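Here's the structure, in structure tokens; my notes come after.
We count residues from 1, following the sequence as given. Just so you know, ligand 1 is whichever comes first in the structure, and atom 1 is the first atom listed for that ligand. The analysis underlying the following values was restricted to heavy atoms, covering all of them including side chains, and did not include hydrogens, waters or symmetry mates. Worth saying up front: this structure is predicted, and the values here are computed from it rather than measured.
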Amino acid sequence: MNENLLHALNDCPPRLAQSLLPYLSDEQFSASFSAEDVTALQQVSGLSAAELAIALLPIAASYAVAPLSHFNVGAIAHGESGRWYLGANMEFAAAPLQQTVHAEQSAITHAWLSGESRLTAVTVNYTPCGHCRQFMNELNCAEQLMIALPGCATQSLHYYLPNAFGPQDLGVTQMLFDPQTQRLSEHDDPLVQAAINAASQSYAPYTGAYSGIALQLASGYWITGRYAENAAFNPSLPPLQSALILMQLHGHPVSALRRAVLVEVAQASLSQREATAATLSALGCHQLETVTVTVK
Ligand code: THU
Ligand code: ZN
């Protein structure tokens, strides 16, 4: 178990800390808890589901990478399947601040990449900023999504974002977490194909600029990420950030990065290439391969 997790355990109620130990010390721990885990943790800790989610926030926040602010934010995305996905903010020293990932985006993307088809709630240790409220308004569950915070009554997303601007203002009805399967051309190289598969599941209803990334690690294992566009454009999450979220939550250090392949569609109206290369460079990875594919 890493040191940050160990520290975070000290911030949990003792009975919960004790029952979390087997999960957190498992090398395969995926920074998420199944519905059965949640029930078991509730039984041993004596906490309600809502209390348990709040009590787990220090664990989520322990995944934060915040070299600029030293402000650790932790979030939990509650999947319709009953699984809880942890997330934390990620800052990149030497890259523009716009590349930052917020904890809510991390937890939500974690759930999306794990195949969850809908969320019910997001629990977070600080009030969500405007950018996150807008990011969450892109979700297919936005109308029903609840936001839980320590010391506050749980409220709907629309309580926090009244009079919202969203996909409907641009005539978009398919929303983030709705199944996306773009038919893209194929490739012989398995890493490139992994990035193509990610791109085919990306969400880009405003530009059609579907994109995905595959990051190969020293072990040979790879992690993929998909682009998540936003009606207000700026809160869009680039594919690199999506993959980096999963790397961080699954315990892979960026120093393990060996190869990066970005896939974009030919003649797209925008490109992730320059920003991706710059952020990767800030992380010490100076080679980005870009492959363009056609939509079939
Ligand atoms: N942060 C979040 O993760 N979520 C929010 O909604 C508030 C802000 C992060 C972003 C940045 O890494 C740090 O907190 C300071 O703003
Ligand atoms: Zn935010």
Side-chain angles (χ1 to χ4, degrees), residues 4-5 7-8 11 31-32 53-54 56-78 84-113 119 121-139 141-142 145-162 164-166 176-177 203 225 227-238 240-250 253-254 275 278-280 282-283:
N4 295 343
L5 271 173
H7 272 289
D11 293 335
S32 70
I54 298 283
L56 287 172
L57 290 173
I59 303 292
S62 78
Y63 287 91
V65 184
L68 305 173
S69 68
H70 306 289
F71 186 71
N72 295 353
V73 187
I76 300 174
H78 300 262
W84 292 7
Y85 302 86
L86 308 190
N89 55 329
M90 292 183 83
E91 300 169 357
F92 307 102
L97 284 184
Q98 285 82 351
Q99 301 301 315
T100 305
V101 174
H102 288 215
E104 297 88 327
Q105 291 181 301
S106 165
I108 291 166
T109 303
H110 186 189
W112 188 42
L113 295 174
L119 299 179
V122 171
T123 303
V124 57
N125 60 352
Y126 293 98
T127 188
C129 76
H131 162 97
C132 286
R133 295 175 195 201
Q134 191 67 50
F135 184 80
M136 292 190 278
N137 196 40
E138 199 70 29
L139 296 168
C141 60
L145 187 72
M146 301 304 288
I147 307 293
L149 290 162
C152 285
T154 297
Q155 301 281 4
S156 69
L157 171 65
H158 285 297
Y159 168 89
Y160 286 106
L161 192 70
F165 172 80
L176 186 57
F177 274 62
Y203 173 79
Y227 179 40
E229 213 159 62
N230 187 277
F233 287 17
N234 298 72
S236 301
L237 190 80
L240 174 63
Q241 270 72 354
S242 169
L244 292 173
I245 287 168
L246 217 56
M247 264 184 81
Q248 170 66 4
L249 294 169
H250 289 186
V254 285
T279 305
L280 269 177
L283 294 172

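- Between S242 and L244 there is no side-chain heavy-atom pair separated by less than 4.5 Å.
- Under a cut-off of 6.0 angstrom, the local environment of CZ in F165 is crowded, with over 12 non-hydrogen atoms contributed by other residues, nucleotides or ligands.
- For T123, the side chain to side chain donor-acceptor pair (under 3.5 Å) partners are H78, not counting sequence neighbours.
- Of the residues L237, L176, I245, the one that meets the side-chain contact (heavy atoms from CB on, under 4.5 Å) test with W112 is L176.
- Note on the Zn ion (ligand 2): protein N, O or S atoms under 2.8 Å away count 3, no waters included.
- Contact check for I108 versus F177: side-chain heavy atoms found under the 4.5 Å cut-off.
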Go ahead and list the nitrogen or oxygen contacts between ligand 1 and the protein that come in under 3.5 Å, distances to 0.1 Å, or just say none.
{"from": "ligand 1", "atom 1": "3 (O)", "to": "A103", "atom 2": "N", "distance (Å)": "2.9"}
{"from": "ligand 1", "atom 1": "4 (N)", "to": "H102", "atom 2": "ND1", "distance (Å)": "3.4"}
{"from": "ligand 1", "atom 1": "4 (N)", "to": "E104", "atom 2": "OE1", "distance (Å)": "2.9"}
{"from": "ligand 1", "atom 1": "6 (O)", "to": "E104", "atom 2": "OE2", "distance (Å)": "3.0"}
{"from": "ligand 1", "atom 1": "6 (O)", "to": "C129", "atom 2": "N", "distance (Å)": "2.9"}
{"from": "ligand 1", "atom 1": "12 (O)", "to": "N89", "atom 2": "ND2", "distance (Å)": "2.9"}
{"from": "ligand 1", "atom 1": "12 (O)", "to": "E91", "atom 2": "OE2", "distance (Å)": "2.6"}

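- Partners of Y160 according to the ring-ring contact (aromatic ring centres under 6.0 Å, His included) rule, which considers only residues two or more places apart in sequence or in another chain, do not exist here.
- Counting all heavy atoms, side chain and backbone alike, I76 lies closest to W84 at CG2-CB, 3.7 Å.
- Inter-residue side-chain proximity for L157 and M146 is flagged as unmet; no heavy-atom pair is nearer than 4.5 Å.
- A donor atom on one side chain and an acceptor atom on the other are not found under 3.5 Å apart for T100 and E91.
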